[in-house]
**Q** 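The structure is given below, and queries will be raised subsequently.
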Amino acid sequence: QVQVVESGGGSVQAGGSLRLSCAASGASYFIPRMAWFRQTPGKEREGVAAITSAGRISYADSVKGRFTISRDNAKNILYLEMNSLRPEDTAMYYCAAARTSGGWLPSRRAEDFDYWGQGTQVTVSS
């Protein structure tokens, strides 16, 4: 079935930038929805950004204007460009993919996704 692998995490100073990548393999179709989530110990999983195969995008309020999600439909690769990073952005970042399409705006709810990566750690120091 579909396998999801993230890469690009690391440590960066506040105000810096980082780019995450996610490769979804095993699908013979354009994955209709993909998204980035993040989670820290003791906190709920947060849907950071989501994108459909048509390019419709949804962002969490906490990252609007700083993060940019994009995808390569031909290879089912997902990206997250993170700028102006803050210490509160520190988290394990997960890539997720969904088998089905949804409404006009893509969902950022974990329950609406079917395949998950193992995560990549992002640490932002002050």
**Q** With rounding to the nearest 0.5 Å, note down the distance linking OG1 in T123 to CG in L85.
**A** 11.0 Å
**Q** In terms of hydrophobic clustering (I, L, V, M, F, W, Y; side-chain heavy atoms under 4.5 Å; direct or indirect links), are M82 and I77 co-clustered?
**A**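 Different clusters.
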**Q** How would you list, by chain and number, every residue that makes a side-chain hydrogen bond (donor to acceptor under 3.5 Å, both in side chains) with N73, sequence neighbours excluded?
**A**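 side-chain hydrogen bond (donor to acceptor under 3.5 Å, both in side chains) check on N73 returns R71.
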**Q** Filter on disulfide bond (SG atoms under 2.5 Å apart), then keep only pairs touching residues 6-35, sequence neighbours left out; what's left?
**A**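 The answer is C22-C95.
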**Q** A quick test of your reading: do over 12 heavy atoms of other residues, nucleotides or ligands sit less than 6.0 Å from CD of Q1?
**A**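 No, the 6.0 Å shell around CD holds no more than 12 heavy atoms from other groups.
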**Q** Once you round to the nearest 0.5 Å, how far does CD1 of I69 lie from CD1 of I51?
**A**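 Rounded to the nearest 0.5 Å, the CD1-CD1 separation comes out at 5.5 Å.
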**Q** Applying salt bridge (charged side-chain N to carboxylate O under 4.0 Å, His left out), name anything that partners R56, two or more places apart in sequence or on another chain.
**A**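 Salt bridge (charged side-chain N to carboxylate O under 4.0 Å, His left out) check on R56 returns nothing, list empty.
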**Q** Where do D89 and S84 come nearest, in terms of heavy atoms and distance?
**A**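 That closest heavy-atom pairing would be OD2-O, 4.4 Å.
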**Q** Which hydrophobic side chains are connected to V5, either touching it within the sub-4.5 Å cutoff or through other members that do?
**A** none
**Q** Could you work out, with side-chain hydrogen bond (donor to acceptor under 3.5 Å, both in side chains) as the rule, every residue matching S58, not counting sequence neighbours?
**A** R108
**Q** Any donor-acceptor pair under 3.5 Å linking the side chain of T90 with the backbone of V124?
**A** yes
**Q** Would you mind listing the cluster partners of Y94? Hydrophobic ones only (ILVMFWY), side-chain contacts under 4.5 Å, chaining allowed.
**A** F37, M92, F113, W116
**Q** Using the side-chain hydrogen bond (donor to acceptor under 3.5 Å, both in side chains) criterion, which residues pair with S107? Sequence neighbours excluded.
**A** D112
**Q** Using the ring-ring contact (aromatic ring centres under 6.0 Å, His included) rule, collect all pairs that involve residues 42-80, keeping only residues at least two apart or in two chains.
**A**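 Passing the test, one end in residues 42-80: no pairs.
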**Q** Of the non-hydrogen atoms in L78 and S70, which two are nearest, and what is the gap between them?
**A**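 What the structure gives for the nearest pair is CD1-O, 3.4 Å.
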**Q** Please identify each residue that fulfils salt bridge (charged side-chain N to carboxylate O under 4.0 Å, His left out) with K64, with sequence neighbours left out.
**A**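 Once residues adjacent in sequence are excluded, the partners of K64 under the salt bridge (charged side-chain N to carboxylate O under 4.0 Å, His left out) criterion are D61.
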**Q** Out of curiosity, E88 CD to S126 OG, how far, rounded to the nearest 0.5 Å?
**A** 10.0 Å
**Q** For E46, check side-chain hydrogen bond (donor to acceptor under 3.5 Å, both in side chains) against everything at least two apart and list the hits.
**A**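 E46 satisfies side-chain hydrogen bond (donor to acceptor under 3.5 Å, both in side chains) with R38, S62 only.
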**Q** Give the minimum heavy-atom separation between V48 and L80, together with the two atoms involved.
**A** CG1-CD2, 4.4 Å
**Q** Specify the closest pair of heavy atoms between M34 and N76, including all atoms of both residues, with the distance to one decimal.
**A**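 Heavy atoms only, the tightest pair is CE-O, 4.1 Å.
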**Q** Which atom pair, heavy atoms only, marks the closest approach of R45 to A110?
**A**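 Residues R45 and A110, closest heavy atoms: NH1-CB, 3.5 Å.
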**Q** Name the atoms and distances for all side-chain donor-acceptor pairs under 3.5 Å in residues 7-21, with sequence neighbours left out.
**A**
residue: S17; atom: OG; partner: N83; partner atom: OD1; Å: 2.8

**Q** Can you measure from CD1 (I31) to CZ (R99) and round to the nearest 0.5 angstrom?
**A** 11.5 Å
**Q** For E44, give me all partners under salt bridge (charged side-chain N to carboxylate O under 4.0 Å, His left out), at least two apart in sequence or on another chain.
**A**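 Salt bridge (charged side-chain N to carboxylate O under 4.0 Å, His left out) check on E44 returns nothing, list empty.
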**Q** Taking atom CD of E81 as the centre, report whether more than 12 heavy atoms of other residues, nucleotides or ligands fall under 6.0 Å from it.
**A** yes
**Q** Nearest 0.5 Å please: distance from the OG1 atom of T120 over to the OH atom of Y93.
**A** 10.5 Å
